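Reviewing the structure listed below.
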Amino acid sequence: MGTPIVEPVVSKIDWGSERVHGPTLKILTASSSSATGEHANLRAATISLTSCREVATILDFSSLQLISQAEDTSVTVVVISYMKEIPCHFCRGSSCNNGSNVVGGVDLAPVRCPRSMCPLSSITSCKVEVTLQFDEVVLAPLTRTRSYGNVPQPHVVLYYSQRTTKGSFLISEATGVSDTAHGYKDTPGIWRKDQVEAWKPIVSAVHDKGGIFFCQLWHTGRISTKDFQPNRQAPISSTDKPVKTQTLPRQLGTNEIPQIVNDFRIAARNAIEAGFDGVEIHGAHGYLIDQFMKDQVNNRTDQYGGSLENRCRFALEIVEAVVNEIGADRVGIRLSPFANYMDSGDSNPSALGLYMAESLNKYGISYCHMVEPRMKTIGEKVECPESLVPMRKAFRGTFIVAGGYDREDGNKAVDEGRADLVAYGRLFIANPDLPKRFELDAPLNKYNRETFYTSDPVVGYTDYPFLENVV
């Protein structure tokens, strides 16, 4: 058994009343050499932590065995153990030891960057930020139109609780950031105090079952109509071009854009106050942010239009504002560069997706959630040659994919390294215990599209049977 070259670092975290937020948990570890002096290798080990109180974890690095852990574990994290001082090829070959490649008499030049071992890790200056190992089956954000008067209702508690398992990751339905953001009846908001209070028991129910819950922040832009706008004013957009028979939108003035950015910032703060673990910025599917990014919609001539960089400026300003407000580890974004929802297509979606993936690295956000190219329109899956792989390779955080996945397809995406996590929508609507069914390869309930967007608090919402109740 080898001896540690450097002393292992004991990570002691006291969250008090706070919940575990995966990307904020940082455990720096050390490795060991073998008795024969072979190069130290990067290893992966899985340990368990308590859900929210004080925890101290010690690893025996010579055997990578967990020798001490708290009881009553509820979440799992991936720990990468490595030399405390190593050269990191991810950092362009620079060394963490003041230029020296030798530590404890061992040449560390061949050591590879930990990112090659764990796609859920984010590497900065040769330190490992450990993220929660979520269930690979993610609840996608799903509009359900059961929040009467834009306020989440008590029946929403049961809906999300049903779909929560220990360690699972859920993204809420699209939630309006302001009184101009809504475009559909009975969709929730989070800009008012009563809405924040209404979300609290829902979030608590998810946390009580060990789930991680992000709130998706939304502005519909030109998809809205006067019926949903204050004083029946025109909906706002990057453009004055309408969507088919929709209300003619009003193009935002350059001086008005900072206010919309601020709406997202405040909504993110409100989401954290409501207890959410983080937020997902909705930049997909033809809504306001997408209306700025896509060149078939955006016809502006100011700094928010024209070039790819200009068209993405609005989205990135929102990301920056939200990151500055609540922290990068609590922020994700959803994008659909290839989709043509709501007449929001782009002439070069591959370039758009790649530019955004690369640009997001600057802010260090927790994840990027992209919709597959095959989902160009709502509900229609069309095979195509385009791929998200270049975006996946470019983005340095957790990469989530969505769009027409089933069990086999999702497993393949993760196994092949095309994604870290897979988000499921329609299958999760009809199967509240979807992770269990996938694990057992059990039959699935069939979903009923006719009840997706009704207002009934039970039918098509919380009445789908669990596996143990199926005769």
Side-chain angles (χ1 to χ4, degrees), residues 141-150 173-191 216-254 256-257 259-261 263-264 267 281-302 304-306 310-312 314-315 318 334-347 349 352 371 375-380 382 403 425 449-455:
L142 299 160
T143 296
R144 301 311 314 274
T145 63
R146 266 83 170 179
S147 296
Y148 314 140
N150 305 132
E173 58 209 277
T175 302
V177 299
S178 70
D179 59 357
T180 68
H182 286 278
Y184 305 96
K185 180 183 178 182
D186 296 333
T187 52
I190 200 161
W191 74 88
Q216 190 186 64
L217 303 182
W218 189 37
H219 198 301
T220 62
R222 68 174 185 166
I223 305 307
S224 186
T225 68
K226 291 182 177 180
D227 294 335
F228 298 105
Q229 295 299 307
N231 304 315
R232 293 185 59 79
Q233 65 192 31
I236 58 176
S237 180
S238 65
T239 182
D240 55 5
K241 297 185 295 184
V243 179
K244 297 179 180 179
T245 60
Q246 296 285 86
T247 302
L248 189 70
R250 179 180 68 82
Q251 186 179 66
L252 280 167
T254 306
E256 295 178 285
I257 291 177
Q259 179 57 53
I260 309 302
V261 173
D263 288 340
F264 277 87
I281 298 166
H282 195 342
H285 293 164
Y287 296 115
L288 182 60
I289 295 175
D290 211 25
Q291 292 162 25
F292 272 81
M293 290 190 291
K294 300 290 182 64
D295 62 8
Q296 292 182 14
V297 180
N298 188 334
N299 58 355
R300 305 177 71 90
T301 57
D302 61 3
Y304 293 95
N310 282 355
R311 287 183 279 116
C312 293
F314 178 58
I318 290 174
R334 195 180 209 206
L335 302 169
S336 59
F338 295 90
N340 190 21
Y341 290 26
M342 316 293 185
D343 295 338
S344 295
D346 192 83
S347 62
L352 172 59
V371 178
M375 304 302 292
K376 296 188 184 300
T377 57
I378 296 177
E380 184 179 359
V382 180
R449 284 183 178 275
E450 294 182 359
T451 60
F452 280 2
Y453 309 114
T454 62
S455 296

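None of the values given here were measured: they were computed from a predicted structure.
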Just how far is it from atom CD1 of I236 to atom CZ of R222, taken to the nearest 0.5 Å? 13.5 Å
With sequence neighbours excluded, tell me which residues meet side chain to side chain donor-acceptor pair (under 3.5 Å) with H182. T187
For G283 versus L335, what's the shortest heavy-atom pair and its separation? O-CD2, 3.8 Å
Side chain Q216, main chain E173, donor-acceptor under 3.5 Å: no
What's the verdict on side chain to side chain contact (heavy atoms under 4.5 Å, CB included) for Y287 and T220, showing C-alpha distance, side-chain angles and the deciding distance? CA-CA 5 Å; Y287 296 115; T220 62; 3.8 Å; yes
With sequence neighbours left out, the residues meeting side chain to side chain donor-acceptor pair (under 3.5 Å) with N298 are none
Using every non-hydrogen atom in the two residues, find where F314 and V261 come nearest and quote the distance to one decimal. CE1-CG2, 3.9 Å
Between F292 and L252, does a side chain to side chain contact (heavy atoms under 4.5 Å, CB included) hold up when you go through it step by step? CA-CA 11 Å; F292 272 81; L252 280 167; 4.2 Å; yes
Please report the C-alpha distance between S455 and Y148 in whole Å, then the side-chain angles of each, then the deciding distance to 0.1 Å, and finally whether the side chain to side chain contact (heavy atoms under 4.5 Å, CB included) criterion is met. CA-CA 8 Å; S455 296; Y148 314 140; 4.0 Å; yes
Out of curiosity, Y304 OH to M293 CE, how far, rounded to the nearest 0.5 Å? 14.5 Å
Residues at least two apart in sequence or cross-chain that pass side chain to side chain donor-acceptor pair (under 3.5 Å) with T451, listed by chain then number, are none
Quick one: pull up CG in N231 and OG1 in T180 and give me the separation to the nearest 0.5 Å. 12.0 Å
Please list, chain by chain and in numerical order, all residues satisfying side chain to side chain donor-acceptor pair (under 3.5 Å) with N299, sequence neighbours excluded. T239, Q251
Flag the pair P141 / H282 as yes when at least one side-chain heavy-atom distance between them is below 4.5 Å, and no otherwise. no
For D263, which residues count as a side-chain contact (heavy atoms from CB on, under 4.5 Å) partner, sequence neighbours excluded? V177, S178, Q259, I260
Name the orientation class of the two ring planes belonging to W218 and Y184 (parallel below 30°, tilted from 30 to 60°, perpendicular beyond 60°). parallel
According to salt bridge (Lys or Arg N to Asp or Glu O under 4.0 Å), does anything in residues 285-301 pair up with another residue at least two apart or in another chain? List the pairs. D290-K294, R300-D302
Any heavy-atom pair between the side chains of F338 and V371 that's under 4.5 Å? no
Any salt bridge (Lys or Arg N to Asp or Glu O under 4.0 Å) involving residues 177-189? Give me the pairs, sequence neighbours left out, ordered by first then second residue. none
Indicate the atoms forming the closest heavy-atom contact of Q229 with S224, along with that distance. NE2-OG, 2.8 Å
For a quick test of reading the model, state the closest non-hydrogen atom pair linking P349 to P337 and the distance between them. CB-O, 3.0 Å
On a heavy-atom basis, which atom in E450 and which in T454 lie closest, and how many Å separate them? O-CG2, 3.3 Å
Candidate pair D343 and V297, rule side chain to side chain contact (heavy atoms under 4.5 Å, CB included), full reasoning: CA-CA 8 Å; D343 295 338; V297 180; 5.9 Å; no
List for me each residue that meets side-chain contact (heavy atoms from CB on, under 4.5 Å) alongside A339, sequence neighbours excluded, and say none if there are none. S336, Y341
With rounding to the nearest 0.5 angstrom, report the NE2 to CE distance, H285 to M375. 8.0 Å
Just how far is it from atom CZ of F452 to atom CZ of R144, taken to the nearest 0.5 Å? 7.0 Å
Only counting residues at least two apart or in another chain, list the ones meeting side-chain contact (heavy atoms from CB on, under 4.5 Å) with K226. R232, T247
All heavy atoms of G286 vs all of Q291, minimum pair found to be O-NE2, 2.8 Å
List the residues meeting salt bridge (Lys or Arg N to Asp or Glu O under 4.0 Å) with R311, not counting sequence neighbours, and say none if there are none. D346
With sequence neighbours left out, what residues match D240 under salt bridge (Lys or Arg N to Asp or Glu O under 4.0 Å)? none
For A234, what residues pass the side-chain contact (heavy atoms from CB on, under 4.5 Å) criterion, not counting sequence neighbours? R250
Has the side chain of R334 got a donor or acceptor atom that lies under 3.5 Å from a matching backbone atom of I281? no
Heavy-atom donor-acceptor pair, T175 side chain to P188 backbone, under 3.5 Å: no
